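Per chain, numbering begins at 1; letters A, B, ... match sequence-line order. What you are looking at is a predicted structure, and each value in this text was computed from that prediction instead of being measured. These numbers come from the heavy atoms of this one structure, side chains and all, not from hydrogens, waters or symmetry mates.
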Amino acid sequence: MSADEATSPYTLQADDEDGDEHRHVFWADRIADEIAAREPDDPIVIKGGISPSGVPHFGNMNEVMRGYFVAAVLRERGHEVRQVFTADDRDPLRKLPRKLANLDGELVDLGDVNAGALGRNLGRPYTDIPDPFGCCDSYGDHFSALIQSSADALGVPIELASNTRLYEDGEFEDVTRFLLANADTARRVLAKYQDKVDADYVPFNPICADCGKVTETVTAVRPEAGEVDYECTDMEAGGDTIAGCGHEGTATLREGKLPWRFEWPAQWRVLGVDFEPFGKDHAEGSWPSGDDVARNVLGDTPPVPMVYEWFTLDGKAFSSSEGHVVLVEDVLELLEPEVVRFFFAKNPKRARDFSIERLDQLVDEFDRFEQLYFGEVEGTEDETARAERVYPFVVDEVGPDRIRLPFTFAAVLGMFDDPDLREQVARKEGHIPDDADEETVEAALARVERARNWARRTDNEFNYELKRAEIPDVDLDPATEDALDELADFVAEGHDGDAIQGQIYETAKRNDMDIGALFTAGYRLFFDEEQGPQLGTFLGKLDRDFVVARLRRER
RNA sequence: GGGCCGGUAGCUCAGUUAGGCAGAGCGUCUGGCUUUUAACCAGACGGUCAUGGGUUCAAUUCCCAUCCGGCCCGCCA
């Protein structure tokens with residue numbers, strides 16, 4: 001097969017060759033069609049994978065979530081699906097990340113762990129490097145555990161497969177032997193993509209028995225015996241040189257790894273992969289060569305590919321090594337899992353910014369999406385069709401009776417520590433129907449914690465802080481001062497929040513001043529902000545002496 | 001330098017695979033609601049669909065060129 005028969009990885013924009021007449025509102029349906037057209041045997045295998053080289057961040061979850069939606073669609077169609085995720089943990093550590101994370105997902109500076117010990121392991125497989133936190137069997141296992149817990153947190157069942165384990169168990173042995181026996185073909189194909197591939201190139205990198213580094217210099221190959229001889233030479237890694245130890249030895253096919261361009265197709269064969277999503281970094285490099293290697297070296301059909309665009313985080317590229325990351329666990333302190341899944345259900349072709357600052361916008365979008373599904377709001381034909389198709393895949397359970405507090409409202413409710421007070425205010429504002437059962441109300445109020453975390457984290461205008469200790473520095477004109485004094489007298493008489501709220505309006509009118517100005521003065525005095533929660537209700541909840549004194553600007 | 005992906009309202013995004021009046025939400029503005037402030041209702045404003053050409057009765061959509069952002073083309077994954 002020639003190169004022009006190669007598969008474009010841009011599956012979502014390819015022409016539909018079947019002339020399939022239904023247009024899909026959900027990209028995962030389109031992919032599922034592609035997979036089904038090949039009539040694969042069950043179970044259908046969907047793969048993702050990353051190197052456990054450092055903190056697995058929110059953007060990495062594309063590898064899990066994109067596959068998840070395709071799996072869900074295929075399951076809906078009656079297929080058995082396995083979602084496999086390879087931890088590419090035999091890859092060598094090439095450079096030290098500046099930030100690591102403990103098993104709780106807390107970021108840690110390299111300097112706070114034993115950086116020196118880590119530095120001595122450059123060039124060795126992640127699974128052969130001690131865990132810098134000392135809690136797992138290896139560096140690789142540590143970060144694999146984080147990948148697993150991230151997938152768990154999103155409710156996606158993945159079968160995590162350790163690449164190292166696959167090598168050790170001999171799963172790659174046959175395909176490795178085949179590649180070594182057919183090294184000429186392998187070289188010829190890969191040379192189309194990589195200039196460095198010459199007559200001496202060997203598609204296998206043994207691990208040095210002496211220093212443990214992945215080596216690149218193979219001096220003899222005996223495929224039948226399942227052995228290679230090697231010399232441990234220097235390795236180039238990102239401009240730096242990792243020194244080899246010079247050891248000359250012999251390795252079995254289980255004691256090394258395939259170079260990535262062969263390892264990927266080998267994984268497809270060994271795991272029987274039918275579909276794999278991957279980031280755009282692979283689209284023009286490893287995919288074309290992998291596709292070619294699979295077809296023309298191994299004689300396999302490569303999986304259905306799908307390129308996804310990368311996310312940015314608050315406008316900047318995610319960077320594990322530099323610590324510009326957010327982990328799934330962090331995100332789930334701010335968003336419900338269904339909102340996170342909703343984000344990943346959007347078109348993979350589009351580069352998106354995951355904006356922590358504007359998470360309220362994402363949540364509002366989700367809430368509307370949900371209302372569209374339940375027919376509670378009007379939308380365009382496309383919006384409605386999309387909501388009807390996608391919503392069930394995004395939530396664990398379709399619940400028409402759920403209550404969603406508007407996110408920013410929930411953030412403001414967060415200033416009350418007392419759960420009863422939160423509920424009371426939410427009811428008063430009409431966000432909780434009278435007939436809602438206890439469980440539903442509790443579920444609705446769960447958003448308050450997340451919204452509160454968001455307000456705190458971004459320290460935005462919803463992060464209200466009562467300035468109790470000290471009176472904010474505020475300039476007031478005499479008319480406002482009079483009004484505040486009158487209001488103080490009213491509060492001192494003992495009235496509830498509703499009455500105080502009404503009195504603010506009355507007082508402003510009586511003093512012939514702008515209502516907004518009086519509210520602003522109030523917010524200034526209590527929050528040092530221009531706006532805030534419904535003032536009367538809020539003041540009604542505070543201790544009366546303090547409120548009276550503050551309105552009189554006494555303390 | 002070559003290839004690829006993306007660019008749609010102030011913001012967040014649908015729509016582009018198959019050419020047929022430019023869309024939604026939020027925000028903004030105006031008005032209303034006997035209490036605008038964390039609302040609700042009604043309406044308005046908001047666009048050279050990145051730019052310039054071409055094909056076409058008709059182009060956001062197809063073709064060519066250009067600009068911007070990102071990725072790949074060394075190594076590695």
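Nearest to the side chain of A/Glu216, among B/C76, B/C13, B/C4, sits B/C76. Between B/A77, B/A14, B/A24, one nucleotide has an atom nearer to the side chain of A/Glu383 than all others, and that is B/A24. Of the candidate nucleotides B/U37, B/C75, B/C26, B/U37 has the atom nearest to the side chain of A/Gln501. When each of B/C13, B/G3, B/U12 is scored by its nearest atom to the side-chain atoms of A/Glu284, the top-ranked nucleotide is B/G3.
Distances shown here put a side-chain N or O of A/Lys257 below 4.0 Å from the OP1 or OP2 atom of B/A77. For the OP1/OP2 pair of B/G70 and a distance below 4.0 Å, the side-chain nitrogens and oxygens of A/Arg350 include no atom meeting the criterion. Side-chain N/O atoms of A/Gln194 include one lying less than 4.0 angstrom from OP1 or OP2 on B/C75. Checking the phosphate oxygens (OP1, OP2) of B/C73, a side-chain nitrogen or oxygen of A/Arg261 falls inside 4.0 Å.
How far CZ of A/Arg94 is from OH of A/Tyr126: 8.5 Å, rounded to the nearest 0.5 Å.
Checking A/Asp195 against A/Val425, the closest nucleotide of RNA chain B that is more toward the 5' end is the one next to A/Val425.
RNA chain B is contacted by A/Tyr505, A/Lys509 of residues 505-513 of chain A, taking any non-hydrogen atom closer than 4.0 Å.
Across all strands shown, B/U34 forms no Watson-Crick or G-U wobble pair with both distances under 3.5 Å. The partner of B/C67, taking Watson-Crick or G-U wobble pairs whose two distances both stay under 3.5 Å, is B/G7.
Scanning both residues, A/Ile242 and A/Lys213, for their nearest heavy atoms gives CG2-CE, 3.5 Å.
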